[in-house]
Every structure is written in C-alpha cells, then in structure tokens.
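Contents: one structure, followed by commentary.
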Amino acid sequence: MRGLAAGTMVDGRYRIVALLGSGGMADVYCADDTQLGRRVALKILYGRFAEDDEFVERFRREASHAAALQHQNVVAVYDRGEWDGTSYIAMEYVDGRTLKQIVLSEGPIEPLRAIDIAQQILRAARFAHRRGVIHRDLKPHNVIVDEEDRAKVTDFGIARAGASDMTQTGSIMGTAQYLSPEQAQGRPVTPQSDLYSIGIVLYEMLTGQVPFNGDSPVSIALKQVNERPVPPSELTPGIPPVLEAVVLRALAKEPADRYADADAFIAALDDAKHTIEAGVAAAGVGAVSEDTAAFAAPLVAYDAPPPSTSHARPMSEELWAESMPPGPLPPAPPRTRRRWPWLALLGVLLAAAAVVAVVLLTQPSKVRVPGVVGRDATRASQVLHADGLEVETTSEQSDQPRNQVLSQDPPAGASVDEGSTVVLTVSGGQANVQVPDVTDFGRAAAAKALRHRGFKVQTRYRADDKVAKDHVISTSPEGGTASFAGFVVTMYVSSGPQVSPVPDVGDKTLDQATADLHAANFQVKTVTKESDQPEDTVLKQDPPAGASRPEGSTITLTIAAPPTKVAVPDVTGQTVAEASAQLGSSGNFVPVVRQRCEPPPDPSQAGLVVRQTPQPDEKRSRGATVFLVVGCDATPTPTTPATTVPTTPLPPTPTTP
C-alpha cells in the first residue's frame, strides 16, 4: 500500500501527517499517535509483500529485535500490527536528517565531528552485539542525526537473519558500498562485519565518498573482497594520520585484523580525538596505540595489490556470482598429478602432526593480567586488549580525575585464560558541578544552558497541560543537584496537553452527554435552542465527535428548549366553556371573557365567541392572556364587568395584546 493521504487513520490510532521516505520493502510516514498524544514514524509494508510469508516474517523480526534494544542511540520501536491487509511498525520519531543527507549536503565532515558521530553509532552496535544482535546493514541511510548531532541507528530488520540474507534472485540484500568482504563471499557474519561497515561510514564522512564504487552491486562487492581502499588523506588532504590509521584498520579484509569489538574501536577513536585536540596530529601513527600503529603503517604505504590469501583471493564477477547462495568460496580444482606410493605414508604422518598441533593450539593459553590502576580508562582498555583480554567498565564518583581507573578485577599479576574479561572501576569525577534549573525554559535554551555547564543532554517528551509545548517540564537530575561534568542530564519537554478523541454524544440527554464527556476528561458548556425535540436533548456538539482535542478542553453542547412563543388557536364560534377548555388545557394561555350586549352577526351565534384578541394564529408567549368577546341577545342587559373563566392553574404572566 503506497501513497497514504495526510489525515488517513491507520488501525484506528495513527493519523498520517506526511511521507518521510520509501525503501525496498516499506514506506515510512510521520504520524500522530492519537491514543498517547505523541508523534511516531510509521513503517508500512508494501501491499505486494503482505502475502509473502518471507517478507512478513522479516518485517515481524525487525519489530521484535528492535523493540528489545532500548538505548539512547537506537531508534525505539513502540508497536506493531496489521492493518488493511498489510503490516506496520510504529517507531520513535527522530526530528532530523539521515547521515547520508548530511554527508551529501555538508561533506566532507570535519574530523572531530565525524569521530563523535561514529562513536555514537558504535555505542548502538556495542549494545546490540552484547545482546547477540548483529545489524548487518549499517550505512548512513540508517543513521538519523538531529539538530544537536545526536545519532540514532534504525532498521535492525535483517539482524540474526542467518549467514546471508538473499532475495529470490540471489542478490545480497543491503547496500553493496557498505558490505563487508565476508558478507560478499557468503562467509559467516560476526560483530566485526558491523565494524567494517561503520569504518566505511566514517571513511565517507571524512572524504565525502565511499571507498568502493562501481556500475553494479556485483562489481562493488568484488572490490570489497579484492581491493584495498585509497587512504582517506589522498582524497581529503589534512586528515590526521592518527585518524586515518583507525579508519584503515577498521577496513581490514579479514575480520581478525579489525578491532576486536566496538569497545576497541571506540577507544582507538578516543585516542585519535585526544591526539587531534592536543595539537599533536603531526606525530602521526605513533600517537595511537602500538597495535593500531603496527597495523596502520603498511596500509598507509600500500600501493600494490596484496598477495592472495586462502580467505580473500581475487575473484571474477562470474566466480562471485556462482558462489551464491552463500557458502565458502569454491576451492581451486586439484591438479592431476601422478602420486608415488611413498607419498601416501608422508601424508599420513603430516596429518597426524597436524592433529597434534591443532590439539595443542586449541588449548586456552594463559595471560598475566597487566596492572592498569591509575591509568586513563581508554589507555587501560587498549593495554588489556593488546594482551588478548576483554574489558568491562563501571563508573563511580570519586575525588580522582575523571576516567581514571580506580580498581581492576582480576588484580594485576593474576593468571587468566586469554579472552577473559577484566572489570575496571572508573572514576566519574567529583559531583561538584551544579545542574542549572531550566524548568519552563524553551528546549533549545535549556540545552544550551546545560551544555554550558559541561553536561551532555538527552531529551524526552511528555504530554503536559500546564507547561507550554517545547518547554522544559523537569530534568533528571533536578536543577540545583550537584553532579559531575560530562554527566547526561535528561530534559523532560512538554509535547503539549494530552490529546483524546471527542466522544459522540448527539441525541443524548444533557445528563448522559455530560457524564460521557467528563469521563473522557472534557469540560462542558451548554447553549439552548428552541426545538421540537424533547427538552434537554443534545442537538449539536462542537468540536464534532471524533475530533482530537487536549484533555480538559471545553465541549459546547446545543440543547433543545421548548419554543417561547406559540400560535393562538381560533376559538370563534365556540361556547365560552369550549373556548376556555381549548385555550387552557395545554397551559399555554389564560382565557378572559368579556360579554357585551351587541347583537351577533348571526342570531344563532348568541352565547358564542364572536371575537378574540389576539387574533387566531398570532404568536404569543406562553401564559399570555386571550380576551374573548361573546355575543348576547338584542334585549338590553346590564353591562357586567369582565370575568375570568376558571381554567387550569397557570403562572400569572399576562401580556399586553
């Protein structure tokens, strides 16, 4: 389903605002969640895929995987469902641009900014990798950056999809420019595959272009497997060598030659950042960690194709295409050569030696844990990684400098298996910076005030009927709290009052309508209108039923009221008793009789009403007096004073005719 118009209601909950973009499987719309009063990004699967179980399963998997990843650098998934024959996912709406749009409009990006964005992407990848999820399709199109350069990764849709995600035609799903060599070859995908893709994203931010391009996805994939990238500084002069070394290591063809994990990549970027900020970028690769420097030196000097290896030998497009579906590259055909019998014995001996070697090599080797207490956490992580150890960090406030290692477990000198994890307790610094009180500040002004004090800022939106939209409701920690520089302060910003649909109360009594509206948190105002409908019936409501309004808003009800004026019936020709009964029975009028000695027009009308005031069919207010003149005999009779014929008791509200 494509091209939903603005205002379309999806699944009775999400109102379409505008189309944000389209991909290979789905359209993404900006929409309003009318139940929770928040803006979302709504991804709706194309109708042509809705009956394809494979695509529906992939779409469902995207929702379930991403919903489990709650992180400040990952786009949150709120909801999934079925609507109008297809599937949808409701996600966090990030008001920003894709990193691809930023690179196209602003690239190349200056190094420190590129490092900051790359580290945010790496934090998202690290969070996912620790939970067993590999993204597999990291690219700048899947990174959204807001106006404050906060990056969020989206589209975890092909995570955990197996060795390789294939379309029915056999082409790799994803973007070839960001594909790791092992993905292109159908080899197992690991977290290092994501690190390779992030390396390409960083390369593109620094140079404004991807390292490998071509006329077709197949030719690009072949370059990913066979060719080394041009060093970024040759495309954008001035890129510090220390940063170039980090990029080139991330783009190593073999996963084992890249960074061990996202933490190591982040630490290397931290090292490069500190070197650049200190103004010693001229020191080049020597300023980075020793293992990174050793790896980077031959890459920077590289100017000829590397020798083929068993894992990444040069391939033709035909060989690459024939290797799909995924699996290891076909081995070279064995040569037909005559074998001498004695070579068989030699082969047996070599095989036995190989088995012994494998057994010995697969035994876990022991490592002595180096002492890193007192070091900067970034440098400590690099030292531990260089010895084949994993690192996990926790933070606590102390009077020691921020990021200094306070303790380590296991302790220095302990003998552990290679690959074991060392837990570092790192100083968060002293809580000596006061969080400013930015309550009721505009969002941008509040963020600026917090950053001026050295805090990082993240924003969360909440509905609030007292604080103006886009103004700060509160912060965590609260204003006036002592904290430490660099701490993340969460601003809770008003998205405006909670919005709810107005219930339909048409044709209900005033009491019923008022109860329904109060239950939906609305106020009630009434106006009356003369009507033939039963009194107190709701004739109209404003706003109409179904409209969305902030809770606490006033709904105006138009209520039926009886007419204030009615037509006077014609009672001429009736006896006084009959006329009085007709006028007084409904309670509308008060009959008053005046008898005069005047001959009626027709003698037969003697004793009957010959004239009335007001005239028949004239409209008068309820309770008005109607004067009756009754014909009498020609015989003169004393004039009698006007008398009132007793009628049904009514309020005495006579009016002048």
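Source: prediction; values computed, not measured. Along the sequence shown, the residues carry numbers beginning at 1.
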Do [X] and [Y] sit within salt-bridge range, that is, some charged N less than 4.0 Å from a carboxylate O?
X    : Y    : answer
D417 : K366 : yes
R130 : E392 : no
R379 : D271 : yes
R249 : E244 : no
R126 : D263 : yes

Roughly how far apart are [X] [atom1] and [Y] [atom2], rounded to 0.5 Å?
X    : Y    : atom1 : atom2 : answer
L99  : L104 : CG    : CG    : 9.5 Å
L112 : L269 : CG    : CG    : 11.0 Å
S180 : L138 : OG    : CG    : 10.5 Å
L243 : L202 : CG    : CG    : 6.0 Å
L195 : L122 : CG    : CG    : 6.5 Å
D116 : I121 : CG    : CD1   : 10.0 Å

Under a 3.5 Å threshold, yes or no: a donor from one side chain and an acceptor from the other, between [X] and [Y]?
X    : Y    : value
Q209 : T207 : no
H129 : D194 : yes
S427 : Q404 : no
R136 : S197 : no
Q120 : D149 : no
Y178 : E204 : yes

Looking at every non-hydrogen atom in both residues, tell me the closest pair between [X] and [Y] and how far apart they are.
X    : Y    : value
Y203 : V230 : OH-O, 2.6 Å
F212 : Q224 : CD1-OE1, 3.0 Å
P211 : L251 : CG-CD1, 4.5 Å
I44  : L4   : CD1-CD1, 3.4 Å
I144 : G96  : CG2-C, 4.2 Å
K152 : V74  : NZ-O, 4.1 Å

Donor-acceptor contact present, side-chain [X] to main-chain [Y], <3.5 Å:
X    : Y    : value
Q408 : V372 : yes
D387 : L389 : no
N73  : R123 : no

Within a radius of less than 6.0 Å around NZ of K456, do more than 12 heavy atoms belonging to other residues, nucleotides or ligands occur? no
Within 45° of the six-membered ring axis of Y88 and under 6.0 Å from that ring's centre, is NZ or CZ of R80 located there? no
Does NZ or CZ of R451 fall inside the cone over F455's six-membered ring, less than 6.0 Å from its centre and within 45° of the axis? no
CA sep, side-chain torsions, deciding dist, call: I102, I109, side-chain contact (heavy atoms from CB on, under 4.5 Å): CA-CA 9 Å; I102 292 174; I109 296 174; 4.1 Å; yes
Of R187, Q183, E182, the one forming a side-chain hydrogen bond (donor to acceptor under 3.5 Å, both in side chains) with S193 is E182
Partners passing salt bridge (charged side-chain N to carboxylate O under 4.0 Å, His left out) against R38 (at least two apart in sequence or in another chain): D33
